[in-house]
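Right, one structure below, let's go through it.
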Amino acid sequence: MKQKAILLFLFCLVFLAACGGSGEPAAAASEVPWPSHAPEATPYVRLQTEPAAAPPSETEGEHYDNWEELLRNMYTVEGDLYAINWEMEMFRELPQDEPYAFVVHTSAMLRGADTMDDHIALARKFIDLGCEAKVKEMHSVEEGREYTAWVTVITATPAHIWKISGSLGETLHIEQLYKSVDIRFDKVVWPES
């Protein structure tokens, strides 16, 4: 069970880094909701001046017995929503009555076990709760294979999200809509125009 939790955690980190690890945030309103911790800048090369430390062994590091324990340690859970600790703190500091765009994911979506219908169902859930919602799509070709992926984007005020955060029926990951994600997922597939 511990190995599965660790593998799930590593997969989530890779997925989150791919979805929003570079670029600055974008919002539905005219201003960005908060500064990105991954600003777009010229990358630098660090020359290694000391020998690299040996990689940690399997017995080192933190181990989690279940998903809930991992959530409590790395994420802040509010109602039915969770986010990386620093993102939840910044979410609290936003002007609470201004609408912003956020990306929401179910646990299955974070593992890559999702379909467009899953995203449409999630978007409809948020529409029923008074938010604007849409599903965006991205096509890519990697090593000669075509891939399609989706994100569910909601637009709402933080105050409204706090209000509905205990009535979603499942725990969902929420994060800002990063500009790089908004650019890659360039086609709105639902609702159809």
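The shown structure was predicted, so the numbers you read here are calculated from the model rather than taken from an experiment.
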Are there over 12 heavy-atom neighbours, none belonging to Glu170, within less than 6.0 Å of that residue's CD? yes
Run the side-chain hydrogen bond (donor to acceptor under 3.5 Å, both in side chains) test on Asn85 and Thr76 for me, step by step, so that the C-alpha distance in whole Å, both residues' side-chain angles and the decisive distance to 0.1 Å come before the verdict. CA-CA 5 Å; Asn85 296 336; Thr76 299; 2.9 Å; yes
So, applying side chain to side chain contact (heavy atoms under 4.5 Å, CB included) with Glu137, which one of Arg184, His119, Met116 is it? Met116
Cluster link Ile183 to Tyr178, ILVMFWY, side chain under 4.5 Å: no
Is there a side-chain contact between Lys136 and Trp150, using heavy atoms and a 4.5 Å cut-off? no
May I ask you to decide if the ring planes of His173 and His105 are parallel, tilted or perpendicular, using 30° and 60° as cut-offs? tilted
Rounded to the nearest 0.5 Å, how far does CD1 of Ile84 lie from CE of Met74? 7.0 Å
Taking a hydrophobic cluster as the set of Ile, Leu, Val, Met, Phe, Trp and Tyr residues connected by side-chain heavy atoms closer than 4.5 Å, whether directly or through intermediates, do Val188 and Tyr100 fall within one such cluster? no
Less than 6.0 Å separating the ring centroids of Phe91 and Phe102? yes
What's the separation between atom CH2 in Trp190 and atom OG1 in Thr152, rounded to the nearest 0.5 Å? 9.5 Å
Would you check, one step at a time, whether the test side chain to side chain contact (heavy atoms under 4.5 Å, CB included) holds for Met88 with Trp86? CA-CA 5 Å; Met88 188 65 82; Trp86 60 264; over 6 Å; no
Walk me through whether Glu87 and Gln176 qualify under side chain to side chain contact (heavy atoms under 4.5 Å, CB included). CA-CA 8 Å; Glu87 280 197 313; Gln176 61 184 307; 3.2 Å; yes
So, the side chain of His160 versus the backbone of Leu129: is there a donor-acceptor pair under 3.5 Å, distance only? yes
Hey, what do you get for CD1 (Ile120) to OG1 (Thr115), rounding to the nearest 0.5 Å? 8.0 Å
Do Leu172 and Phe126 pass the side chain to side chain contact (heavy atoms under 4.5 Å, CB included) test, and can you show the C-alpha distance, the side-chain angles, and the key distance before you say yes or no? CA-CA 12 Å; Leu172 302 171; Phe126 277 95; 3.8 Å; yes
So for atom CD, which belongs to Gln96, do other residues, nucleotides or ligands contribute more than 12 heavy atoms lying within a distance under 6.0 Å? yes
From Leu168 CG over to Ile161 CD1, what is the distance, rounded to the nearest 0.5 angstrom? 9.5 Å
Taking the side chain as every heavy atom from C-beta outward, state whether Thr106 and Asp118 have any pair of such atoms under 4.5 Å apart. no
Shortest non-hydrogen contact between Asp80 and Gly169, atoms and distance: OD2-N, 3.3 Å
Would you check if the side chain of Lys134 reaches a backbone N or O of Val153 as a donor-acceptor pair within less than 3.5 Å? no
Where Cys131 and Ile164 come nearest, the two heavy atoms and their spacing: SG-CD1, 3.8 Å
Is any side-chain N of the basic residue among Arg92 and Glu89 closer than 4.0 Å to the acidic one's carboxylate O? yes
Rounded at 0.5 Å granularity, tell me how far CG in Asp117 sits from CZ in Arg124. 8.5 Å
For Pro191 versus Ala133, what's the shortest heavy-atom pair and its separation? CD-O, 3.9 Å
Any sub-3.5 Å donor-acceptor pair from Lys187's side-chain atoms to Met138's backbone N or O? no
